[in-house]
Amino acid sequence: MAAPAYPGWVTRWVSGQWRNKKRPPTLRPARPLALADKVANRREQLTEATCITEMSVMMACWKQNDFNDAPCAKEIRMFYDCVAKAEKVRKNQNEDTLSSRGNLPSSKVNKLLKRFPQMTRYV
């Protein structure tokens, strides 16, 4: 297994060539070290589809009864109950500011960054 290839200055620094009052090179960042004014809008989690079973049962009932709602009232009611329950769960999750991983959603981060902008110049 080959040893990793490091830049030349790292090898000289580790070997002690800069210990004799020579300083290692300063590392300058390509950009200023400051937060941006906004972050990318990303979905926090891919939400899985809910009520698929109830919807497929309802559609199978419609197909058997030539798309007539009257004989499928029970299946339709079960589907709507499932949708209402899933919406309630989703709204309760949205009220929490932190996600399950402990991160803020990107929309809230952008609001905070707008509220407290990054100082680039000192007065």
Side-chain angles (χ1 to χ4, degrees):
M1 183 150 88
Y6 295 109
W9 69 269
V10 172
T11 310
R12 288 189 302 271
W13 183 60
V14 170
S15 68
Q17 289 182 11
W18 277 307
R19 291 186 191 145
N20 301 332
K21 295 185 181 180
K22 292 182 180 177
R23 299 180 61 198
T26 58
L27 298 174
R28 294 186 185 110
R31 297 183 198 161
L33 298 176
L35 292 175
D37 291 333
K38 63 181 178 177
V39 295
N41 290 327
R42 297 181 188 259
R43 294 198 127 199
E44 276 66 36
Q45 290 179 339
L46 293 176
T47 56
E48 68 178 52
T50 55
C51 306
I52 296 295
T53 307
E54 288 82 358
M55 183 171 56
S56 61
V57 169
M58 179 182 69
M59 290 183 160
C61 181
W62 275 344
K63 188 174 181 181
Q64 286 176 352
N65 295 306
D66 295 325
F67 299 96
N68 191 0
D69 286 344
C72 300
K74 178 183 168 191
E75 287 82 0
I76 293 171
R77 187 172 12 89
M78 285 175 47
F79 174 68
Y80 281 130
D81 290 345
C82 179
V83 168
K85 190 167 142 184
E87 282 292 316
K88 185 184 285 187
V89 168
R90 189 179 62 81
K91 283 184 181 179
N92 287 340
Q93 277 183 342
N94 285 346
E95 288 176 2
D96 298 335
T97 55
L98 295 177
S99 68
S100 61
R101 295 182 298 183
N103 298 332
L104 285 173
S106 59
S107 59
K108 295 196 180 206
V109 171
N110 282 332
K111 285 180 186 175
L112 286 171
L113 287 172
K114 279 185 184 177
R115 197 168 157 201
F116 303 104
Q118 199 57 218
M119 287 179 52
T120 55
R121 294 185 214 143
Y122 295 102
V123 179

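Atom set for the values below is all heavy atoms of this structure, side chains included, hydrogens, waters and symmetry mates excluded.
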Could you give the distance from CZ (Phe79) to OG1 (Thr53), rounded to the nearest 0.5 Å? 11.0 Å

Applying a strict under-4.5 Å side-chain criterion to I, L, V, M, F, W and Y, I'd like to know whether Val83 and Ile52 cluster together. yes

In terms of heavy-atom contacts, Thr50 and Ala86 come closest through OG1-CB, 3.7 Å

Got a second to check how far Lys63's NZ is from Ser56's OG, nearest 0.5 Å? 12.5 Å

Taking Asp37 for the side chain and Leu113 for the main chain, is one N or O donor matched with an acceptor at less than 3.5 Å? no

Give me the atom names and distance for the closest heavy-atom approach of Met78 to Glu54. O-CG, 4.2 Å

Could you check if a side-chain atom of Asp81 sits within less than 4.5 angstrom of a side-chain atom of Arg77, using non-hydrogen atoms only? yes

Is there side-chain contact between Asn65 and Cys72, with heavy atoms separated by less than 4.5 Å? yes

Where is the tightest heavy-atom contact between Ser106 and Ala40, given as atom of each residue plus distance? CB-O, 3.4 Å

Hey, are the side chains of Trp62 and Ile76 touching, using non-hydrogen atoms and a 4.5 Å cut-off? yes

With a 4.5 Å limit on heavy-atom distance, are the side chains of Met55 and Met59 in contact? yes

Could you grab the distance from atom OH of Tyr80 to atom CD of Glu75, nearest 0.5 Å is fine? 13.5 Å

First locate atom CZ of Arg115, then atom CG of Asn110, and finally report the distance between them rounded to the nearest 0.5 Å. 14.5 Å

